[in-house]
Each structure stands twice: as structure tokens, then as C-alpha cells.
Amino acid sequence: MTAPTKPSPDSPADAPSDTSLGESPLHGAVIEWFDDNARDLPWRRPEAGPWGVMVSEFMLQQTPVNRVLPVYEQWLARWPRPADLAKDAPGEAVRAWGRLGYPRRALRLHGAAVAIAERHGGDVPTDHAQLLALPGIGEYTAAAVASFAYGQRHPVLDTNVRRVFARAVTGVQYPPNATTAAERKLARTLLPDDERTAARWAAASMELGALVCTAKNESCHRCPIAAQCAWRLAGKPEHDGPPRRGQTYAGTDRQVRGKLLAVLREAHSPVPQAALDRVWHEPVQRARALDGLVADGLVEPLPGGMYRLPLT
DNA sequence: GAGTCGTGGAA
DNA sequence: TTTCCAAGACT
């Protein structure tokens, strides 16, 4: 771990920018904490490279680190470069995705690899706009890859960072359901001017949210900025207002899709309709789920009522 | 902008 | 047991 970058001594202390706090004590404390507490994750090691970072970001979308780890290792061993994945069938990506969930991510990662092979000479693009143009890469992932893989200066606003900001700065328990313009502005304001420091800050603030400033059972006693946390100083008021979520799962199309795709992942030859029919009793919903998978490109229908993971 | 899209561990 | 939620993207 490198030492935290000190606030640049040449920045005039009497001219605080209104678009950037440059460096507040906040940054130093969080980055120093990160130096001592960062997890040793494979995609953070130098040998991971931009492709490793990108693969990890796809897998980590809405999925816990512990579940990603084994799949990540197998993925990189099998497809060490984007072009390796691009040469394989998209269905193989879906199969290797296993039970990570949201299998469209596997399809998009394959699509991104194809685009990288075709348009970017096989190298993960360094440009933020080019990253954003790849399938499966949105506002967060583009900033994350540019920052973590290439050390660039971008506001990286994931659920962890949003929660840290909500508490430490805004003084509320949870951020809004959807990212707001105010949050983006705050993220830009807090982003250190120095590129290397900004990248370090992005990783550090995320890690703080993941390990200390967690959604439940937060550990303020281990928090490097507890003394300045607006939420804690306000007495940690609980979230008021409507419930933040409400995603039921049992009985939904998502569950049926999951069961259907599980059958196809395990099979290494086309599967007859009858085998798929066994996973769900209700024919209308079952057909709707299967149609949805086909429409998404996750399943390829064959003549004679056979199905398989997509070859193209 | 609200809905949709998987999965499984922990509280 | 039920509920929550874990580095979002896309429509």
C-alpha cells in the first residue's frame, strides 16, 4: 500500500474552490483508514489488470464479494483477455456465470468483450465515454473501471459511497432510492483535485461503506470519521418515510426464469420443452418466463421444441 | 421514474 | 419464518 497522498502544498489555502473541497480532513482520515484496512481482493492486485477490474465490477453489481470470488477466479483463468471471451459463445458466459444472479450481466459482459475486441484492439478502453458505451456499463461501472483500473479522477457513486455520504455529510440514515442530482453534485464536490488521491478516495470511501458504515449494524466505533459524522452527531435518527424497498421474490417471473435457466446451465445438449415444464406448475407464467429469456437472448429456441443456451 | 431483473446469507 | 440486502443497468 502506498502512503496517502498529502494535500498538495501548492494549493492556495486562501482560495477555497466552490466546486471542490480539494482536501478536507475527511479524505486523509478515510484514506489512511483504507491503507490499514483494505481487503486483499484479487481484482485489487496489480496482476488483475483492467480486464480483471472490469470483470469484477460486472460481477459485483448487486452481488456480495464472497459469492463473486470463486467465479471471478474461474472466469479469469478461462478467459484471461477480452478477446478470449469474445471468441467463445455467449451461452458459455451464461453457464460460467453460475448462480451469481442477474444472468443478463453475463451476456452483457460477453457483448462488452466482443466490442472491445472489435473496436478497441482487445484492450479495455481508458476513456470514460468509451467505457460507458459498452453494454452493461453504466454511470457507476464506467467511473469505477476508469478509477480503479486506470487511476483516473471520477466520482464513483455506488451504494456504499452513497450511504457514507448520506450519513457523514447529509446526516440521514439512508440515501434516496435512486441517485439524485444532489448526490452527484456532492460527490463531485468531495472529489479530491489530485488524480491519484481521487482514485484512492473512491476506493477508500467505498470500502468504508462496505466494512464499517454498513446498512445494518454499522460500526461507528471503528469509523475514522465518526467524530465528524453528521448522522451520528444528530443522534443517529432512524429513517423516516416510506419503506425503502419491497422486492418480493417467491412466485415471481424472476424465480421462474431462474429455475428455467438453471436447467439449461446444467445441460450440455439441447433440452426438450418437457424438461423445462417440470420446473414450474403454472403454464401461463412458465411460458411467459421462457419467452422473456428468449427475448433477452439468454435462451435459444431450436426447431422441435428444444432449447439451449445461446451459441451466437 | 418506477419496474424489472437472481441468488443466497444473515438478522 | 420473514425480511433485508449485496460494488447497478436498462427500459
Side-chain angles (χ1 to χ4, degrees), chain A residues 34 38-39 41-44 48 52-72 94 97-109 111-112 131-149 154-164 173-181 183 187 199 202-211 213-218 239 242-265 279 285 288-289 291-293 295-299:
Chain A
F34 186 59
R39 290 168 291 179
L41 300 171
W43 43 87
R44 286 179 176 164
V53 171
M54 182 172 147
V55 169
S56 77
E57 291 302 336
F58 271 75
M59 292 183 173
L60 288 164
Q61 291 167 4
Q62 302 284 282
T63 306
V65 166
N66 286 337
R67 206 175 312 162
V68 165
L69 284 169
V71 183
Y72 171 87
V94 174
W97 198 255
R99 306 190 67 82
L100 283 183
Y102 292 148
R104 290 187 294 192
R105 292 182 293 166
L107 226 44
R108 291 169 183 156
L109 180 51
L131 286 167
L132 199 54
L134 296 172
I137 295 192
E139 178 182 354
Y140 160 76
T141 303
V145 171
S147 182
F148 302 154
H154 296 281
V156 178
L157 255 191
D158 81 320
T159 186
N160 291 305
V161 175
R162 295 179 61 220
R163 188 173 53 250
V164 169
Q173 187 177 22
Y174 297 120
N177 282 325
T179 305
T180 62
E183 289 182 277
S205 53
M206 271 181 69
E207 190 79 335
L208 185 63
L211 297 184
C213 194
T214 48
K216 295 174 152 184
N217 300 346
E218 67 280 357
H239 172 79
R244 305 172 48 234
R245 281 200 177 88
Q247 57 164 6
T248 53
Y249 179 66
T252 61
D253 285 7
R254 295 162 77 175
Q255 184 182 20
V256 184
R257 287 167 56 107
K259 286 178 175 293
L260 289 170
L261 206 57
V263 171
L264 293 166
R265 274 198 313 263
V279 308
Q285 187 179 25
R288 185 172 66 233
D291 285 349
L293 288 171
D296 287 344
L298 284 163
V299 173

Could you check how far [atom1] of [X] sits from [atom2] of [N], rounded to whole Å?
X         : N      : atom1 : atom2 : result
Asn177(A) : dG1(B) : CG    : P     : 12 Å
Gln255(A) : dT7(B) : CD    : P     : 9 Å
Phe58(A)  : dG6(B) : CZ    : P     : 16 Å
Gln285(A) : dC5(B) : CD    : C1'   : 14 Å
Asp253(A) : dT7(B) : CG    : C1'   : 16 Å
Tyr102(A) : dG6(B) : OH    : P     : 8 Å
Arg265(A) : dG6(B) : CZ    : P     : 10 Å
Arg105(A) : dA7(C) : CZ    : P     : 12 Å

Would you mind telling me which of [options] lies closest to the side-chain atoms of [X]?
X         : options                : result
Ala215(A) : dC5(B), dA7(C), dA6(C) : dA6(C)
Arg257(A) : dG8(B), dA7(C), dG6(B) : dG6(B)
Gln61(A)  : dG6(B), dA6(C), dA9(C) : dA9(C)

Problem - Arg105(A) side chain to Gln61(A) backbone, donor-acceptor under 3.5 Å - result: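 Flag set: sc Arg105(A) to bb Gln61(A) pair under 3.5 Å.
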Handout entry: Main-chain N/O of Met54(A) paired with Ser56(A) side-chain donor or acceptor, under 3.5 Å
Key =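 Not a single qualifying donor-acceptor pair exists.
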Do any N or O atoms of the protein come closer than 3.5 Å to N or O atoms of nucleotides 9-11 of chain B, and which pairs are they?
none

Handout entry: Between dG8(B) and dA9(C) - P atom distance, rounded Å
Key =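 Per the computed distance, 23 Å lies between those P atoms.
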Problem - Pairwise C1' distance for dA7(C) and dA2(B), with rounding to whole Å - result: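 One C1' to the other, the span is 23 Å.
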Exercise for the section: Report the residues that fulfil salt bridge (Lys or Arg N to Asp or Glu O under 4.0 Å) with Glu183(A), sequence neighbours left out, ordered by chain and then residue number. Expected result: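 Counting only residues at least two positions away or on another chain, Glu183(A) forms a salt bridge (Lys or Arg N to Asp or Glu O under 4.0 Å) with Arg162(A).
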[N] OP1/OP2 closer than 4.0 Å to side-chain N/O of [X]:
X         : N      : answer
Arg99(A)  : dG8(B) : yes
Arg162(A) : dA6(C) : no
Gln62(A)  : dG8(C) : yes

Problem - ring pair (Phe, Tyr, Trp, His ring centres under 6.0 Å) partners for Tyr140(A), two or more places apart - result: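 With neighbours one apart ignored, the set is empty.
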Handout entry: Ala178(A) or Leu261(A), whichever maps to the more 5' nucleotide of DNA chain B
Key =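 Result of the comparison: Ala178(A).
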Practice task
Assign Trp43(A) to base, sugar-phosphate, or nothing according to its heavy-atom contacts below 4.0 angstrom with the strands shown.
Solution key: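 Counting heavy atoms under 4.0 Å across all strands, the contact made by Trp43(A) includes a base.
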Handout entry: Pairing residues for Glu207(A) by the side chain to side chain donor-acceptor pair (under 3.5 Å) criterion, not counting sequence neighbours
Key =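 Glu207(A): side chain to side chain donor-acceptor pair (under 3.5 Å) contacts with Arg39(A), Arg44(A).
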Handout entry: Smallest separation among heavy atoms of Ser205(A) and Val161(A), with atom names
Key =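 For Ser205(A) and Val161(A), the tightest heavy-atom pair comes out as OG-CG2, 3.7 Å.
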Handout entry: Residue pairs passing the salt bridge (Lys or Arg N to Asp or Glu O under 4.0 Å) test where at least one lies in residues 134-149 of chain A, sequence neighbours excluded
Key =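 Those involving residues 134-149 of chain A are Glu139(A)-Arg184(A).
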Problem - 5' precedence on DNA chain C between Glu57(A) and Arg108(A) (nearest-nucleotide basis) - result: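 On the 5' side of the pair lies Glu57(A).
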Problem - Selection: residues 133-141 of chain A, any non-hydrogen atom under 4.0 Å of DNA chain C - result: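 Nucleic-acid contacts, sorted: Pro135(A), Gly136(A), Ile137(A), Gly138(A), Glu139(A), Tyr140(A), Thr141(A).
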